[in-house]
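The structure appears below as structure tokens.
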Number of protein chains: 2
Amino acid sequence: MSVTLKEVAARAGVSRSLASLAMRNDPRVSARRREAVLKAAAELGYRPNAHAAQLASRRTMTVGVVLVELHNPVYTEIFTGVQEQAEQAGYGVLLTGGELLTADTERRAIDGLLEHRVDGIVLVGPRLASKDLRELADRVPLVVVGRHVQGVDSVAVDTRHGTRLAVEHLVGLGHEDIAHIDGGNGPGAESHRRAYLDTMKQHGLSARNRVVRGDYTEHGGRRAAETLLSSTHPPTAVFAANDLSALGVLAALKHRGMSAPEDLSLVGFDNTVLAQYGYIDLTTIDTPRQDMGATAVTTLTARIEDTGRPTRPAQLAPRLIVRSTTMPHTGV
Amino acid sequence: MSVTLKEVAARAGVSRSLASLAMRNDPRVSARRREAVLKAAAELGYRPNAHAAQLASRRTMTVGVVLVELHNPVYTEIFTGVQEQAEQAGYGVLLTGGELLTADTERRAIDGLLEHRVDGIVLVGPRLASKDLRELADRVPLVVVGRHVQGVDSVAVDTRHGTRLAVEHLVGLGHEDIAHIDGGNGPGAESHRRAYLDTMKQHGLSARNRVVRGDYTEHGGRRAAETLLSSTHPPTAVFAANDLSALGVLAALKHRGMSAPEDLSLVGFDNTVLAQYGYIDLTTIDTPRQDMGATAVTTLTARIEDTGRPTRPAQLAPRLIVRSTTMPHTGV
DNA sequence: TTGTATGCGTTATCAA
DNA sequence: TTGATAACGCATACAA
């Protein structure tokens, strides 16, 4: 089939083991031999066989990553962080994922990684039940990104704090009728809701609470906004659970010939690329996604090196990004 | 380390070879034995070792995919098609890619796949020179998606036809001053430009030709639009080389208190999710991205099974999607 | 600094 | 239908 180390060794006039050492830049092989081996390898177009290497060394020096939504910039940006940090740490990355993984397809993706004997796994936005995740963490070094799971290393953003930043920004602008379009049963939705209610309460605005159901999609955001806008007493500001929902709100406004921030102040969550485009220019909460990916990898490598260490949940801080969809509340 | 087939065989009271056959559902193993093996495997939590399997069988039954831009929906949707078709064909998928691969990082990604001995490779939007691609195709079954390369299997969309659809849509609406924001040196840009010029000529509008430089980014589109809008004789319609550029045009319009289609008719290219959001609702040219991915896989498996077959370039047809950013030209 | 021998977990060949 | 045995390509402990 393809060129093997044996042939390289033969051509370089050395033993297989020496060729093996030379290819991996082991310091105890002489410069002369090393060059000969490298030259022979290049001439023959030799590619190491990763499978044979794993079998012999029992390590792969790769981490597996499962992205639950390959089209979602929130996740792909986390992946970028993973990839960079992994390279730093000398690990390769095996990426799997799909349009929208279910618990079932997610399990299959994980099985694939396990069969490849990755040294550890990063699960980004897993759908799997906490119990299953704990079981998995028992078999292989594991880090969960996007939510916290008891007994499993995890990294997530401080949603409560982010929500507070959003709501207080609106309060600071003089808004009182601040509605929240939530994420339904989605991950983090509950935490957003609670933080919204808490913050409203802290500012004596509990009477103005208004939570409308969304589902983290553009469509859901749009529907929710239509409900709000057609009510007898529409809010003057909206905090949407993510940028995509906020984009739905913009659609609803446009459809009625209205716009943000003139007719409604609007804050999103995530600071995805969407929020950054000039045509959208959305005030939002930035979540440090690359950092999350990087942190996931450092946590993972730490666990690979010390299986017994106590698990820990890493919490990263979000921050407010003010753009053009919010403005002071104008009189009554 | 982990459970091996040997232990499974022992527990099931059969030989390793039989256990191997049973795990792979070989028809010549008796139901009784098969069940015993499967049961033992489940009890022990056995995971086949993909590396050992590859080494012994010399096949991986997986195709490698390189996505040149992981954040670009154009590419991730192609991947979805790849994945679905691969599953159909019984292949696994190894995905690699990054934020924005250069020729160099692309080469490294390919090396990784080669070291994993994937049975074939799909390159989506490769930056590599045609010569390098031909060399690679010589070593491993290869399909290039997004452009055509002499002597290599490829699948791409018929850019010329798509461009013609866009321009003729605008012409049909009565527009004559139709400008094109191009893709600079990017892939397919030349082809867009030529088709734009040809179509304008066919309709006797060569005198109105106007090509402004873009680069397939939102920022580039915005800059180009600003140039056009501040000229003494602005166009009444714009065909942008992709949806992202078109979004930049919308930003420029908004910034001037203008909007599409009232002040300018606008057509994008790709029909990405962006174009589909209600707030954007962009008239554009749909490229069948899932189909492209699927076609890439069928082409690849065909080549894997017959290395000698003649290479062929597959050309898929785009179609016009009319949304709300275009309208008839209103008088002079 | 270099070579020899052995084993990694599986599939494939062959014989029973 | 089942079992024994030899690869597969490489890393590594050990010997030289």
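Note on naming: letters A, B, ... go to the chains in the order of the sequence lines (proteins, then strands), and numbering restarts at 1 for each one. Note that this is a predicted model, so its numbers are computed, not measured.
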Quiz item: Which pairs with one or both residues in residues 82-103 of chain B pass salt bridge (charged side-chain N to carboxylate O under 4.0 Å, His left out), sequence neighbours excluded?
Solution: A:R108-B:E87
Quiz item: Are there more than 12 heavy atoms of other residues, nucleotides or ligands under 6.0 Å from atom CG of A:N185?
Solution: no
Practice problem: Apply the side-chain contact (heavy atoms from CB on, under 4.5 Å) test between B:S130 and each candidate in B:Q150, B:R147, B:H148; give the one that qualifies. | Solution: B:R147
Quiz prompt | pair B:S154-B:V145: side-chain heavy atoms closer than 4.5 Å | solution = no
Quiz prompt | Close side-chain approach of B:I121 to B:L114, heavy-atom, < 4.5 Å | solution = yes
Could you give the [atom1]-to-[atom2] distance, from [X] to [N], as a whole number of Å?
X	N	atom1	atom2	answer
A:E7	D:dC8	CD	P	11 Å
A:D26	C:dG3	CG	P	14 Å
B:R33	D:dG3	CZ	C1'	10 Å
A:H51	C:dT11	NE2	C1'	14 Å
B:R58	D:dC8	CZ	P	6 Å

Exercise. Summarise how protein sits on nucleotides 10-16 of chain D as a single string, 5' to 3': B when a protein heavy atom is under 4.0 Å from the base, S for sugar-phosphate-only contact, - for no contact.
Key: BBB----
Quiz item: In Å, rounded to the nearest 0.5 Å, how long is the span from CG of B:L123 to CG of B:L67?
Solution: 10.0 Å
Self-check item: Short side-chain N/O contact from B:S30 to OP1 or OP2 of D:dT2, under 4.0 Å
Solution: yes
